[in-house]
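Scroll down for the structure; my scribbles are underneath it.
Because only heavy atoms are used, hydrogens play no part in the values below, and waters and symmetry mates are left out as well, while side chains stay in. Below, chains carry the letters A, B, ... as their sequence lines are ordered, and counting in each starts from 1.
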There are 4 protein chains.
Amino acid sequence: MFASERREHLVRLAAELFAEKGYQATTVRNIADEAGILSGSLYHHFDSKESIVDEILSAFFDELTATNQAALERGGDPRTILAALVSNCFGTLVPHRAAIMVMQNDWNYLRQFDRFDYLTRSEEKAERMWMGQISKGQEIGLFRDDIDARLTYRMIRDTIWVAVRWFRPGGRLDAQGLADHYIKVLFDGIAVH
Amino acid sequence: MFASERREHLVRLAAELFAEKGYQATTVRNIADEAGILSGSLYHHFDSKESIVDEILSAFFDELTATNQAALERGGDPRTILAALVSNCFGTLVPHRAAIMVMQNDWNYLRQFDRFDYLTRSEEKAERMWMGQISKGQEIGLFRDDIDARLTYRMIRDTIWVAVRWFRPGGRLDAQGLADHYIKVLFDGIAVH
Amino acid sequence: MFASERREHLVRLAAELFAEKGYQATTVRNIADEAGILSGSLYHHFDSKESIVDEILSAFFDELTATNQAALERGGDPRTILAALVSNCFGTLVPHRAAIMVMQNDWNYLRQFDRFDYLTRSEEKAERMWMGQISKGQEIGLFRDDIDARLTYRMIRDTIWVAVRWFRPGGRLDAQGLADHYIKVLFDGIAVH
Amino acid sequence: MFASERREHLVRLAAELFAEKGYQATTVRNIADEAGILSGSLYHHFDSKESIVDEILSAFFDELTATNQAALERGGDPRTILAALVSNCFGTLVPHRAAIMVMQNDWNYLRQFDRFDYLTRSEEKAERMWMGQISKGQEIGLFRDDIDARLTYRMIRDTIWVAVRWFRPGGRLDAQGLADHYIKVLFDGIAVH
DNA sequence: AATGAATGAGACTTCATTCAT
DNA sequence: GATGAATGAAGTCTCATTCAT
């Protein structure tokens, strides 16, 4: 794919709007207005509104898959690996804010289109990866075995991504700080022992 | 308040559709089709599509506010109260599934309308309530004081509500089981001590 | 026609609304609301919205035709008769305010329906009557003969009826005072001689 | 201001329809049909039906305000100025026929919308201007002082504008002829002295 | 007499998309 | 690359009217 600068600029504008107003509520005219052109002119760069959001989402998924794969390859015990995965996820919060926002708010809508099937498959693969680490941690006595691996994975996953709704860089904690806080609570709970 | 049986039936149909397809993607015609009437006929019962979703959301908020208020009034230490609040929330997952689904998926869109301001205010009040308990727990040495009360509240909140996306009653765990699992992880973490 | 009291009351309510908002902009529901019943219930009294306005308009036309006929029968010179006709018209301003308002604002719309043909015929008859008096007055030297009878008639007619838009009883002049003022200007102009 | 030729053409078509059938009774589909396009396509040029009629009305008001202002600036005694104002008004009858027709028939409806407030203000300004001339004429002995300035103004105003309902260019008198006839009657009445 | 529910036609408007220039 | 005009489908909503109860 030939990614001209102009095209990338348009994608960024669109991403910002999708994040703020949602995919459905953002019109191609909104995007064109932001770019200072007419809505029809967008179709010189993209063949549909869907293909714009597709570009945003797949960039995000590609990067996350790659960094997670790298973490796995670096090896370590499940606790180390889990902490690395959590860090990776929080690490995308800023650079891929719009994609995550779209995932959180518009996924339910977008998944009905065949072209986004790859996202479902990607998520299923991720689930297997995370659950594998949790189960392994339970087997070797690192994690409590009175918790459910699938349930725990979902809680971790949802808690991370949903943070995109309120996380703003520049506040007290940056994304890494958030990750650390989260890892602390996740492993040891909020109670004093 | 304007509760005719017919009206309530229509609200339930609409709620199901909003939950499945999202508020924006559900057309008034979808709702009418489901009810076996013409779309215009809906306006005999409601004055707008917004007022339907409003009814769904406010029923949910009213109930949750009431049960949480009751939990506070029953008293107890912060750990007990927090556990009760968590249980209350998970307890709405089945009866108010649609409302929670709409909140998760369409809130970003709906909040732009003045008529839903009350939801924002309601959430702010809830935040103060939860954070109050967390802080109090920290003061009296029940909860670790190296965690951030606001951050922790948000994680709890998001983790609970986002569960509506995958929770299906009739599975291995019911809502109360989920709550118990969650409370366990929340207080003690997933690590073995 | 059997005019029950209830029916007459409803007509009056409708008339008020037609006058204030216009015939098209007034919905049968507006009328029903005003009467404290449901819109469908109006159809026990009238078979259509048109028939309500018809009743309002024909009551007005019947009365005006009758009083004008009486004035003609009383006889007198054209100036006397013209003054009497003008007085008659202004005299309907209060009791038939709504009908006149509808005539001024909605006539253009209503005339497309066959059922209101009688109004056009009635107006044509009136035109002949007025022009007859003006022409006769010119013939016998009462009125200037450098004015156009038809044009003059139309100016008189329009000036009278359009007054319904701003005339409010209870102000400085009552309808008869208005008539007198108008007759004065009509016969002698505003210039000092 | 946004005057493309296409747009102006559409405005003219709409104006004709508004004049013939009334604003409310004219549908955007009527206008589009007349233009040979689909109704939705109108929204490429205008953002609402209201904005079309707004354009029609404001063009009329702007021109009338300008020519009346010019007449005032040319100076002269009140009789001269009044005659000029009357001429100006009649002079708009042909070029702004549609706008005046809308004013006469649909004003009652349109004035409920905030966007047309400027018309009310414009009319109030005009009233002050006309009444000023009439009063001045009375003070310097040109006009009878047993007539009411406001009442007289309203009669003049209404008589002029209402002529739009029956005036057709190409008849015996053109607009200027009508104006002359009217001025004659206005100043000297219809009676022989 | 009135209710409550619904019809059916049609209103204004939105919007992704196309295409000649 | 972009404009300007248009399409076509669909969306929310309105409203006079009907009718069983």
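- Remark: P of E/dC12 and CG of D/D33 are 12 Å apart, rounded to the nearest angstrom.
- Between B/R7 atom CZ and E/dA6 atom C1' there is a gap of 16 Å when expressed in whole angstrom units.
- In this structure, D/F46 places its CZ atom 11 Å from P of F/dA6, rounding to the nearest Å.
- A tilted orientation is assigned to the rings of C/F60 and C/H96, their planes being inclined by 30° to 60°.
- Between the side chain of A/S41 and the main chain of A/I37, no donor-acceptor pair closer than 3.5 Å is present.
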How would nucleotides 16-21 of chain E be written as a contact map, 5' to 3', with B for base contact, S for sugar-phosphate-only contact and - for no contact, using protein heavy atoms under 4.0 Å?
SBB---
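- Taking only side-chain nitrogens and oxygens, C/R6 comes nearer than 4.0 Å to OP1 or OP2 of E/dA2.
- Here A/L38 lies in heavy-atom contact (under 4.0 Å) with a base.
- Between the side chain of C/D106 and the main chain of C/M103, no donor-acceptor pair closer than 3.5 Å is present.
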Would you check, one step at a time, whether the test side chain to side chain contact (heavy atoms under 4.5 Å, CB included) holds for A/F113 with A/E50?
CA-CA 9 Å; A/F113 304 108; A/E50 269 177 43; 3.8 Å; yes
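- When the C1' atom of F/dA16 is taken as reference, atom CZ of C/F18 falls 12 Å away, rounded to whole Å.
- Between D/L10 atom CG and F/dA5 atom P the separation is 9 Å, expressed in whole Å.
- For the pair B/K49 and B/F18, the cation-pi criterion (under 6.0 Å, within 45° of the ring axis) is not fulfilled.
- In this structure, B/L42 atom CG and F/dG11 atom P are separated by 13 Å, rounded to whole Å.
- Protein atom NE2 of B/H45 is 11 Å distant from nucleotide atom P of E/dG4, rounded to whole Å.
- Atom pair D/N30:CG and E/dT13:P shows a separation of 14 Å (rounding to whole Å applied).
- Between A/Y23 and A/Y109, the ring planes lie tilted relative to each other; the angle falls in the 30° to 60° range.
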Before you tell me yes or no, could you show the steps for B/R165 and A/N108 under side chain to side chain donor-acceptor pair (under 3.5 Å), namely the whole-Å CA-CA distance, both residues' side-chain angles and the distance that decides it to 0.1 Å?
CA-CA 9 Å; B/R165 291 197 179 157; A/N108 208 33; over 6 Å; no
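- D/R29 CZ: 12 or fewer foreign heavy atoms inside a 6.0 Å radius.
- Among all heavy-atom pairs drawn from A/A19 and A/M101, the shortest one is O-CG, 3.4 Å.
- Taken together, the paired segments of DNA chain F that extend over three or more consecutive Watson-Crick or G-U pairs, each closer than 3.5 Å at both contacts, are E:2-21 with F:2-21.
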